[in-house]
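Following: one structure in structure tokens, then a few remarks.
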Amino acid sequence: MTATSTAPAAAGRGGAPLPFATLVEEAAEVTAVHARRTDTEAAFPAEALDSLRRTRLLGLLVPAAEGGLGGDLGDVLTATRRLGREDMSLAMIFAMHCQQVAALVRHADGKLRDDLLPRIGRGETYLASVTTEAGKGGALLTATAPLRQREGHLLLDRFAPIVTGGAHADGFLVTMRSPDSENENDVSLVYADRGQLEVASAGRWDPHGMRASHSGALHLRGTVPEHQVVGEHGRFRDIVTRTFGPLAHLGWSAAWLGTAEGALARTVGMLRSARTRGSLSLDSELLLTRIARVRHRLEAVAALLAHTLDTVTHEDVSRPRVQLLVNGLKVTASEQCHAAVHELVEIVGLRHGYLRDSPLALERALRDLRSASLNFSNDRLLLADGKLTLLDAEVRLA
Ligand SMILES: Cc1cc2nc3c(=O)[nH]c(=O)nc-3n(C[C@H](O)[C@H](O)[C@H](O)COP(=O)(O)OP(=O)(O)OC[C@H]3O[C@@H](n4cnc5c(N)ncnc54)[C@H](O)[C@@H]3O)c2cc1C
């Protein structure tokens, strides 16, 4: 765990606890073995998910008293970065699951909490996120599909155009318009177990990148008990401000940074060996200045990630200057990590940079990172941040 974390490690075969770093390495090794195939086949990384279950990293954020590893947000970012070095899809799968778990840890109570957190802590329950809706795109704070109430139960009927890992999820956190409301801003977050739903595939998944995230469309229908609302009806905005927003942007940025770090590490390894670098010259000033820029981009994102983590840990995240920082991290990481890998391709050229069977896997990293600006549109964030910037004439940076 991180230097300040007191979280216990998961038990190894003989019952002795394994350190956090060992658990993450195990998951990273399994991820690396399957990454090329899952990308080619646009297949979900089932073996890597099994490893996240076995190591109980799926329960990283569940408090130890409730059966989890009791890790903190810094641990999630450390693990996500490491996994991103091998496969950005798997890193996003992990980070997004942890975002859902954080929402439950902070906002769920009573029977839902008592039933669900120990299962997640044991690595049994992988959670998918259902917020996007057809027609509203990434507008997180609105919902059109209505939640209906009947005799202590909630009826769900929800088309979900893009659900990462939906075909493999054990449970879903779903946003819907609150019962009896005509206002699309009244949004409720509901938990549904796979066993409580009919889960129908509603479309193929054949994207440019992020192919192993297996984020195809689903149609969810079912009935859940009323106590499976997370927080209060209509108060999803509070969950977004306190938890979903910061964790999404931190977690995604860690996945993108890890992906770019892995790309740079493999490239430097190739360049340092006379056997593999061929005609590429380490004396080339073009190569040296370009690779320095790549390194600088990653240093800047790493510093911003660490600063944002520190800020959201110690400050009120609803403050505009903290929101500006969190949004700025997402936009900056999405642009800089993509630009860094793009530059690596320019440095090493076609054979090492563009061919799909190159061991550097730069073209996969580049395809995956192309999704970063779209995964909650940078334009939406910049628009919001522009308004917040104009409100702060003194320019007090977080
Ligand atoms: C790999 C991947 C995995 C994903 N996994 C999930 C998942 O598991 N669950 C889930 O629910 N969603 C998921 N999403 C969806 C994601 O959260 C966003 O909802 C989605 O990327 C937004 O898609 P969009 O570009 O079609 O929509 P929009 O955000 O509507 O954007 C469409 C276009 O309109 C512009 N635009 C729209 N509104 C505004 C505005 N107000 N201001 C400025 N510009 C605007 C944008 O610039 C953009 O060009 C995933 C996305 C990706 C890429």
Side-chain angles (χ1 to χ4, degrees), residues 38-39 42-45 49 80 84 87-101 103 126-145 156 158-176 184-185 187 189-192 199 201-220 236 239-240 244-245 247-249 251-253 255-256 259 327 330-331 333-335 337-338 364-388:
T38 53
D39 171 61
F44 187 81
L49 178 65
T80 302
D87 181 15
M88 189 169 130
S89 288
L90 194 272
M92 293 289 280
I93 287 166
F94 175 71
M96 286 168 64
H97 164 83
C98 290
Q99 177 200 5
Q100 310 304 301
V101 176
Y126 162 54
L127 300 174
S129 162
V130 180
T131 58
T132 305
E133 260 182 304
K136 73 161 207 205
L140 194 56
L141 296 173
T142 64
T144 48
L156 277 81
R158 173 73 150 83
F159 176 69
I162 176 161
V163 187
T164 294
H168 294 257
D170 306 292
F172 300 82
L173 278 167
V174 186
T175 54
M176 299 199 57
E184 64 173 15
N185 297 311
V187 183
L189 183 67
V190 183
Y191 174 75
V199 181
S201 169
R204 293 176 65 222
W205 176 248
D206 189 14
H208 176 60
M210 296 304 285
R211 294 172 61 77
S213 72
H214 206 271
S215 305
L218 296 178
H219 201 130
L220 308 175
F236 178 60
I239 298 177
V240 171
F244 257 52
L247 263 86
H249 293 183
W252 295 343
S253 298
W256 302 332
T259 304
N327 292 346
K330 190 273 171 183
V331 172
S334 66
E335 291 175 350
C337 295
H338 181 264
R364 170 158 57 91
L366 196 63
R367 278 188 287 112
D368 289 345
L369 282 165
R370 183 62 193 83
S371 70
S373 68
L374 306 177
N375 194 356
F376 201 91
S377 166
N378 278 5
D379 288 342
R380 282 185 190 273
L381 292 173
L382 288 166
L383 199 65
D385 281 1
K387 289 177 185 162
L388 291 175

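Remember, it's 1-based here, ligands and their atoms both numbered in the order they're listed. All figures in this text were calculated on a predicted structure; none of them were measured in a lab.
Side-chain atoms of Leu366 and His338, non-hydrogen and from C-beta on, do get closer than 4.5 Å to each other. Contact check for Thr175 versus Arg158: side-chain heavy atoms found under the 4.5 Å cut-off. Using a 4.5 Å cut-off on side-chain heavy atoms (C-beta onward), Ser371 and Met92 make no contact. Residues Val130 and Met176 form no side-chain contact, since every pair of their non-hydrogen atoms from C-beta on lies 4.5 Å or further apart. Under the 4.5 Å side-chain criterion, counting only non-hydrogen atoms from C-beta, Trp256 is in contact with Lys330. Side-chain contact between Leu156 and Leu220 is absent, with no heavy atoms from C-beta onward closer than 4.5 Å. In this structure the side chain of Arg367 reaches within 4.5 angstrom of the side chain of Arg211, judged on heavy atoms.
Here is the list of ligand 1 atoms found below 4.0 Å of a heavy atom in Gly138: 19 (O), 22 (C), 27 (O), 28 (P), 29 (O), 30 (O). Applying the 4.0 Å criterion to heavy atoms of Met210 picks out, from ligand 1, the atoms 1 (C). Listed by number with element, the atoms of ligand 1 under 4.0 angstrom from any heavy atom of Val163 are 7 (C), 8 (O). Close approach of ligand 1 to Leu383 is summarised as follows: ligand atoms under 4.0 Å from at least one heavy atom of the residue are 42 (N), 43 (C).
Scanning the protein heavy atoms around atom 45 (C) of ligand 1, the nearest turns out to be Arg380 CG, 4.1 Å. In terms of protein heavy-atom proximity, atom 48 (C) of ligand 1 is nearest to Ser377 OG, 3.9 Å. For atom 53 (C) of ligand 1, the closest non-hydrogen atom of the protein is Asn375 CB, 4.0 Å. Counting only heavy atoms of the protein, atom 44 (N) of ligand 1 lies nearest to Asp379 CB, 3.6 Å. In terms of protein heavy-atom proximity, atom 26 (O) of ligand 1 is closest to Gly137 CA, 4.8 Å. Closest to atom 3 (C) of ligand 1, if we only count protein heavy atoms, is Thr164 OG1, 3.3 Å.
Protein non-hydrogen atoms do reach within 4.0 Å of atom 29 (O) of ligand 1. Per-atom contact check: atom 35 (C) of ligand 1 does not touch the protein, criterion being a heavy-atom distance below 4.0 Å. Remark: atom 13 (C) of ligand 1 lies closer than 4.0 Å to at least one protein heavy atom. The presence of a protein heavy atom under 4.0 Å from atom 16 (C) of ligand 1 is confirmed. For atom 5 (N) of ligand 1, a protein heavy-atom neighbour is found at a distance under 4.0 Å.
Here's the thing with Trp252: none of its N/O atoms is less than 3.5 angstrom from an N/O atom of ligand 1. Considering backbone and side-chain atoms together, Ser215 places no N or O closer than 3.5 Å to any N or O of ligand 1. The distance criterion of under 3.5 Å between nitrogen or oxygen atoms is not met by Ser371 with respect to ligand 1.
With rounding to the nearest 0.5 angstrom, the CZ atom of Phe159 is 10.0 Å from the CD atom of Glu133.
Pairing each heavy atom of Asp206 with each of Arg204, the nearest pair is OD2-NH2, 3.6 Å. The nearest pair of heavy atoms linking Thr142 to Lys136 is O-NZ, 2.6 Å.
At least one heavy atom of Ser129 lies less than 4.0 angstrom from ligand 1. Residue Met96 places a heavy atom under 4.0 Å from ligand 1.
The residue among Leu382, Ile162, Asp368, Val174 with a heavy atom at the shortest distance from atom 50 (C) of ligand 1 is Ile162. Between Leu374, Ile93, Thr132, Thr131, it is Leu374 that holds the heavy atom closest to atom 22 (C) of ligand 1.
Between the side chains of Ser215 and Thr164, a donor-acceptor pair is found at a separation under 3.5 Å. At a cut-off of 3.5 Å, with distance as the only test, no side-chain donor of Thr259 or Asp368 sits close to an acceptor on the other residue.
Under the 30°/60° scheme for interplanar angles, the aromatic rings of Phe44 and His214 are found to stand perpendicular.
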